[in-house]
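These values consider heavy atoms only, across backbone and side chains, with no hydrogens, waters or symmetry-generated copies.
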Amino acid sequence: MNRLIITTEALRNYKQISKSVTKAILEQYIRDAQIQDLAPLLGERLFNDIVLNPDKHVDLLNGGEYDINGITYYNVGLNAVLVHYSYSRYLLFGNMVDTPYSMVEKLNPGNSQPISYKQKEALHKENQDTAFTYFGSVRKYLERTKYPMYEINKCESRQSKFRIYKVV
């Protein structure tokens with residue numbers, strides 16, 4: 001799949017990423033996040049339509065205010081969700097490619113060291129959680145507006161006490 005929902009520039013606008021990280025590397029994380037993280041949340045029909053026809057889904061992708069029954073709501077937008085999922089992958093797997101320093105922890109102005117895998121896992125999890133929280137806003141938009149091609153199937157997570165919504 002060569003069609004990406006967000007650009008590497010969009011990812012860099014949301015998150016601080018070293019200029020030495022190439023476009024090809026970032027596109028790999030965006031592509032993986034689209035398929036593994038975003039597609040299951042949207043369902044195959046809606047996901048494919050977004051990838052093939054992004055101009056039809058500008059409000060969904062960019063987010064913004066919308067009114068339902070006289071109440072104004074805010075949708076953060078699917079792009080923000082995808083940025084956090086992509087960035088979480090970059091944080092966890094970023095050093096597995098040939099980059100000058102990968103993720104480092106600054107100890108003082110002239111000294112730095114790679115961050116530990118445990119720290120990377122924590123950052124990865126934090127960004128995944130943020131993405132999922134952001135998706136809650138998008139999901140409410142999809143449900144409230146009865147967005148075409150979006151069907152929801154509720155299933156409970158075995159690993160937690162909160163409900164996860166997965167589209168089939």
Subject >> Shared hydrophobic cluster, I71 / Y74 (ILVMFWY, side-chain heavy atoms < 4.5 Å) >> reply: yes
Subject >> Residues, nucleotides or ligands: over 12 heavy atoms within 6.0 Å of E9 CD >> reply: yes
**OP:** Drop me the distance from I68's CD1 to E143's CD, to the nearest 0.5 angstrom.
**Re:** 11.5 Å
**OP:** Kindly state each residue pair satisfying ring pair (Phe, Tyr, Trp, His ring centres under 6.0 Å) with at least one member in residues 48-72, sequence neighbours excluded.
**Re:** H57-Y147, Y66-Y73, Y66-Y141
**OP:** Find out if a path of hydrophobic residues (ILVMFWY) with successive side-chain heavy-atom gaps under 4.5 Å connects I6 to I35.
**Re:** yes
Subject >> Side-chain (S137) to main-chain (V76) donor-acceptor, under 3.5 angstrom >> reply: yes
**OP:** Would you please name every residue forming a salt bridge (charged side-chain N to carboxylate O under 4.0 Å, His left out) with R12, sequence neighbours left out?
**Re:** none
**OP:** Can you see which heavy atom on F47 is nearest to which on Q34, and at what distance?
**Re:** CE1-O, 3.5 Å
Subject >> Under 3.5 Å donor-acceptor, H84 side chain and N127 backbone >> reply: no
Original post:
Shortest non-hydrogen contact from N75 to D59?
Top reply: ND2-O, 3.7 Å
**OP:** Verify the cluster assignment for V58 and L82: are they in a single hydrophobic cluster under the rule of side-chain heavy atoms below 4.5 Å apart?
**Re:** no
**OP:** Determine yes or no for a side-chain-to-main-chain donor-acceptor pair under 3.5 angstrom, with D49 supplying the side chain and R45 the backbone.
**Re:** no
Original post:
Going by distance alone, is a donor N or O of one side chain under 3.5 Å from an acceptor N or O of the other, for R89 and Q36?
Top reply: yes
What side-chain donor-acceptor pairs closer than 3.5 Å can you find for residues 128-136, not counting sequence neighbours?
| unit_1 | atom_1 | unit_2 | atom_2 | d |
| --- | --- | --- | --- | --- |
| D129 | OD1 | K125 | NZ | 2.8 |
| T130 | OG1 | E126 | O | 2.9 |
| T133 | OG1 | D129 | O | 2.9 |

